[in-house]
Protein chains: 2
Amino acid sequence: MTAAAGRPPSGQVTIADVARHAGVAASTVSYVLSGKRAISAVTRSRVLASVRLLGYHPNAGARALASRRANVIALVLPLRAGMQVPVVMQFATAVVTTARGYDHDVLLVTSDEGPAGLRRIAASALVDGVLLMDVELHDRRVPLLRELALPSVLIGLPADPAGLTCVDLDFHAAGAECVAHLAGLGHRRIALLGAPTAVYDRGTGFAHRTRAGVREAADRHGVQVVTLPCEEGTADVRRAVTELLDRHPDVSGLVVQNEAAVGPVLATLPALGRRVPGDVSVVAICPDEFAGRSSPALTCVPVPTEEVGRQAVTLLMGKLRDEPGPEAILLAPRLTVRDSTAAAPAVGVGGGER
Amino acid sequence: MTAAAGRPPSGQVTIADVARHAGVAASTVSYVLSGKRAISAVTRSRVLASVRLLGYHPNAGARALASRRANVIALVLPLRAGMQVPVVMQFATAVVTTARGYDHDVLLVTSDEGPAGLRRIAASALVDGVLLMDVELHDRRVPLLRELALPSVLIGLPADPAGLTCVDLDFHAAGAECVAHLAGLGHRRIALLGAPTAVYDRGTGFAHRTRAGVREAADRHGVQVVTLPCEEGTADVRRAVTELLDRHPDVSGLVVQNEAAVGPVLATLPALGRRVPGDVSVVAICPDEFAGRSSPALTCVPVPTEEVGRQAVTLLMGKLRDEPGPEAILLAPRLTVRDSTAAAPAVGVGGGER
DNA sequence: GCCGGCTGTCGAAGCGCTTCGACAGCCGGT
DNA sequence: ACCGGCTGTCGAAGCGCTTCGACAGCCGGC
């Protein structure tokens, strides 16, 4: 009924309908809705009543055209490789939710549209700003962003963040924090089981920064550390862990930065005769629920996806209003102690010596 | 340079600029780009050259306003609970990629905006159509969609799909297929380890349909079946499996429909003295890579996320062009045999009898 | 009692695009 | 030689909204 009959042309309720119904000019309706000019309380409530009654929603296209703001932001996600999937997902959720709070919608763009995609989106004024995830150290899109005058916020830290706005967990500090925790428990030989090789090769910031943080902290604490990448298959993980403990049997602390690996690692260690945390302590860098759900529950540095998403949107909204903001926000890591870490076994004791 | 200097007002290249540069009318440019009227080859190529040279991209708002098509579709995702995350993600990827192929963009909307969100999106003409994922059997949005005259395609099958367009894996057949496979291998007592309780309670179609398919096929094959829900924590899974085998020690075939459970299940069984597939065969309903990556590699019915996404977009595009299409597409399951299923152990043999 | 300055409202001018009708020129059939 | 019907192009009219300037009324100050 509503759709079939109704207005002659479009079937849509327009601002003119509201104006007519409320007995005011269209511009007055617009001002009531935007709050950009003072409107008397009487008029305002009359207009608002009409808006509600008629179920008026401004036409997005018309609004965008006239105001030069689409009220949409783009979220550029690495939808290609299936890695760190939960992180990406949680992050997207936070972004959408926060953006809605600012009356903005979110356009989903895949990384593989690359720079050309950004260009298109900017030129067509489809969106007012961009959130870029999975930023690589030397990302081709970064120079483009500088040139494009398209407000943007990066999730992650490129090699040269000058002139850009970035948000991320401080992975360097996170790596260091993990090492500090293990060192504090008396572990003297530890290992970092990192992201897949491809991720390092691609120059993905978080992987490199974590590794650097781990190494630096290890030096500082006088702890020996081995770092190795880690693929995502169960068998790959098992092989990697087995080989690691084979070559370095006295490793008693493990930092794992790879969600897909966490489960297999916890399954493999007991199979190798190493109890967690009796013989080997494990600390992960991964989403918190994930760590809480495994068994034993993992000591971890949670990746604050929710917080990062919120911050990113908030910063972007600030930029859209031309407010000055910080260049980068690196969230401090907060280590959560659970059941997977314990004091290092006494020297020479503990299972698995060859 | 491009951004700073250029046109006086907006900095944007408009169709008028292209028209001037090519020495034609704006409408001609429009027709060249849309192909809605015949344009001579000479003119066309001149216009296209100008378009490329000036880097023209039509203003999305203006285009939407004038043509009443936003060239955007909405993708409504269940971003709340972190379940079936990889499936959702792969699906989103396929949707975005396919939509781009039709020159459409994708707006990301969360399920928790609910019916009101749909209403807003429809009324504001932000999008031309909607893709709805995570449809429940008695979804509140389904009646709304019928009323709204907003072209839509559902991923999943509500209880009453009349008048709607739906795409999904035929989970009923998938469940049956798993049972048939196990029955064919001689298994006489099997179990379905399903989705978390909450998913069944919510009336989510795929979970119910799979369970029904499993039960029906079991009947048909004269196989005894136990079905039980399964939470996502490692410990929960372990408990569920342990209890299951405790109560039904002669279960030799397991159907698992819960990505998060697959890893723990494979870890738990050997710990209980049941080898896979020697003592217990496991067949999963989950994304294929996932099954291939675990160890042993899983026999599974892959959820064809990519295919579903592509189909859904294609159907929606058809509807946008007012082409008649099918009401529902249920993709036939295709069982992939790997290393986790084998002939049932001889009666009275096999580990784990109490 | 008049004027300057508010406050609240209106009308009109676009925003950049699509699309409709008009029409100029050209073809071929008669 | 004329006319009907193409083909290819143009100009103008909006699409529904925001925003700018104008201005009517009203206040208080002198």
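Chain letters run A, B, ... following the sequence lines, proteins first and then strands; every chain starts at 1. For clarity, every value in this text was computed on a predicted model and none was experimentally measured.
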Notebook entry, point to check: Is a side-chain donor or acceptor of B:Arg46 paired with a backbone partner of B:Ala22 at a separation under 3.5 angstrom?
Noted result: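 Indeed, once roles are kept as given, a pair shorter than 3.5 Å links the two residues.
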Note to self: Keeping B:Ser124 on the side-chain end and A:His57 on the backbone end, is there a donor-acceptor pair under 3.5 Å?
What the structure shows: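 Not confirmed, B:Ser124 side chain does not pair with A:His57 backbone.
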Open item on the list: How long is the straight-line distance from CD1 of B:Ile155 back to CG of B:Leu169, given to the nearest 0.5 Å?
Closed with: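 Those atoms lie 12.0 Å apart.
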Mate of C:dG1 across any strand shown (Watson-Crick or G-U wobble, both atom pairs under 3.5 Å) is D:dC30
Any strand, both distances under 3.5 Å, Watson-Crick or G-U wobble: C:dC23 pairs with D:dG8
message: Assess the residue pair B:Ser50 and B:His21 against the criterion (side chain to side chain donor-acceptor pair (under 3.5 Å)); give the C-alpha distance rounded to whole Å, side-chain angles, the decisive distance to 0.1 Å, and a yes or no.
response: CA-CA 6 Å; B:Ser50 301; B:His21 186 270; 2.8 Å; yes
* 5'-most by nearest nucleotide on DNA chain D - B:Leu65 or B:Ser40 ->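 Result of the comparison: B:Ser40.
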B:Thr43 pairs by side-chain contact (heavy atoms from CB on, under 4.5 Å) with which of B:Thr28, B:Leu48, B:Val29?
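In the set B:Thr28, B:Leu48, B:Val29, the residue that makes a side-chain contact (heavy atoms from CB on, under 4.5 Å) with B:Thr43 is B:Thr28.
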B/S/- along nucleotides 17-26 of chain D (protein heavy atoms under 4.0 Å) is BSBBBB----
Practice problem: Write down the distance between CZ (B:Arg44) and C1' (D:dT7), rounded to a whole number of angstrom. | Solution: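 One finds 13 Å between C1' of D:dT7 and CZ of B:Arg44, rounded.
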| query | Would a 4.5 Å heavy-atom cut-off, applied to side chains only, mark A:Glu327 and A:Thr165 as touching? | reply | no
